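Everything below concerns the one structure shown next.
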Amino acid sequence: MKNLIGKKVIVRADKAGVFFGTLSQKEGSEVTLTNVRKLYYWSGANAVEQIALEGVKNPNDCKFTVVNSECTINNYIQIIPCTEEAIINIESIAPWKK
C-alpha cells in the first residue's frame with residue numbers, strides 16, 4: 001500500500017461513500033487524500049473498480065463534487081489505483097452543484 005502514496009486513487013469508505021484523489025497518507029484504518037472529490041453518483045460504470053480502470057461512460061449524468069484540498073477518511077474498505085485513462089475522465093467531469 002505504501003507504493004500508492006502520491007498516486008491518484010479511488011477510496012470506498014464504510015458509510016462515507018466513494019472518493020477520488022491523491023493518496024497522501026495511510027495510517028491504520030485512516031487515509032488522507034489531497035485534491036479530492038466525492039463521487040456521489042455515476043452513470044456508465046458498474047462499480048468503483050471499473051471507474052478506476054476506465055472512468056465513466058456517461059459523464060454528463062454523474063454527480064461528482066467540487067475539488068477539496070484535503071480530506072481524511074476513516075474506515076476505508078477499498079483503495080484502488082486509477083489508470084491514466086480513468087484520471088483524465090474523472091477530472092474532466094464538471095462539478096455537480098445544486
Side-chain angles (χ1 to χ4, degrees):
M1 198 64 65
K2 293 263 188 213
N3 61 344
L4 293 179
I5 300 294
K7 305 285 186 187
K8 299 214 178 194
V9 297
I10 291 179
V11 173
R12 185 166 65 99
D14 185 31
K15 300 179 184 176
V18 176
F19 300 84
F20 166 79
T22 302
L23 184 63
S24 64
Q25 186 175 348
K26 179 190 169 298
E27 191 169 318
S29 64
E30 183 176 281
V31 294
T32 300
L33 300 178
T34 57
N35 299 316
V36 60
R37 39 190 335 197
K38 187 172 197 171
L39 308 185
Y40 178 75
Y41 172 85
W42 58 85
S43 176
N46 288 324
V48 293
E49 294 84 358
Q50 185 177 2
I51 297 172
L53 185 63
E54 304 171 356
V56 296
K57 303 295 182 208
N58 304 320
N60 293 330
D61 295 330
C62 294
K63 295 178 179 177
F64 295 176
T65 66
V66 297
V67 177
N68 287 341
S69 61
E70 186 174 277
C71 179
T72 299
I73 302 158
N74 290 303
N75 299 321
Y76 71 88
I77 295 171
Q78 289 179 292
I79 301 175
I80 309 166
C82 293
T83 65
E84 191 60 34
E85 176 185 359
I87 293 166
I88 291 167
N89 178 271
I90 294 165
E91 290 179 343
S92 73
I93 296 171
W96 171 66
K97 297 179 182 180
K98 274 212 154 204

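Quick note: residue numbers are just sequence positions, from 1. Note that the coordinates shown come from a computational prediction; the quantities given were computed from them, not determined experimentally.
- One finds the CD1 atom of Ile77 at 10.5 Å from the CD1 atom of Ile80 (value rounded to the nearest 0.5 Å).
- Listed by first and then second residue, the salt bridge (Lys or Arg N to Asp or Glu O under 4.0 Å) pairs that reach into residues 42-63 are Glu54-Lys57, sequence neighbours excluded.
- Scanning all heavy atoms of the two residues, the minimum distance from Cys71 to Phe19 falls at SG-CE2, 4.4 Å.
- For Tyr40, the ring-ring contact (aromatic ring centres under 6.0 Å, His included) test picks out Trp96, with sequence neighbours left out.
- To the nearest 0.5 Å, atom OG1 of residue Thr34 and atom CG of residue Asn68 are 11.5 Å apart.
- Within the model, atoms CD1 of Ile79 and CG of Leu33 stand 8.0 Å from one another, a figure rounded to the nearest 0.5 Å.
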Could you walk me through whether Phe64 and Val56 pass the side chain to side chain contact (heavy atoms under 4.5 Å, CB included) check?
CA-CA 11 Å; Phe64 295 176; Val56 296; 4.3 Å; yes

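- Remark: Glu30 CD to Asn74 CG distance equals 4.5 Å, nearest 0.5 Å.
- Nearest heavy atoms, Ala86 versus Ala52: CB-O, 3.2 Å.
- With rounding to the nearest 0.5 Å, the separation of CD in Gln25 from OG1 in Thr32 is 4.5 Å.
- Of all heavy-atom pairs between Pro81 and Val9, the closest is CA-CG1, 4.0 Å.
- The nearest pair of heavy atoms linking Ala45 to Gly55 is CB-O, 4.0 Å.
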Before you tell me yes or no, could you show the steps for Trp42 and Val18 under side chain to side chain contact (heavy atoms under 4.5 Å, CB included), namely the whole-Å CA-CA distance, both residues' side-chain angles and the distance that decides it to 0.1 Å?
CA-CA 10 Å; Trp42 58 85; Val18 176; 4.0 Å; yes

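- Nearest heavy-atom pair, Cys62 versus Ser43, reported as atom, atom and distance to 0.1 Å: SG-N, 3.5 Å.
- The distance from the CD1 atom of Ile5 to the NZ atom of Lys26 is 8.5 Å, given to the nearest 0.5 Å.
- When every heavy atom of Val11 is checked against every heavy atom of Ile73, the shortest pair comes out as CG1-CD1, 4.3 Å.
- Using a 4.5 Å cut-off on side-chain heavy atoms (C-beta onward), Ile10 and Cys82 make contact.
- Using a distance-only test at 3.5 Å, with no hydrogens or angles considered, a donor-acceptor pair links the side chain of Thr65 to the main chain of Lys38.
- Cluster annotation: Tyr76 and Val36 are assigned to the same hydrophobic cluster (Ile/Leu/Val/Met/Phe/Trp/Tyr, side-chain heavy-atom contacts under 4.5 Å, transitive).
- Applying the side chain to side chain donor-acceptor pair (under 3.5 Å) rule to pairs touching residues 6-22 yields Lys8-Glu91, Arg12-Gln78, sequence neighbours excluded.
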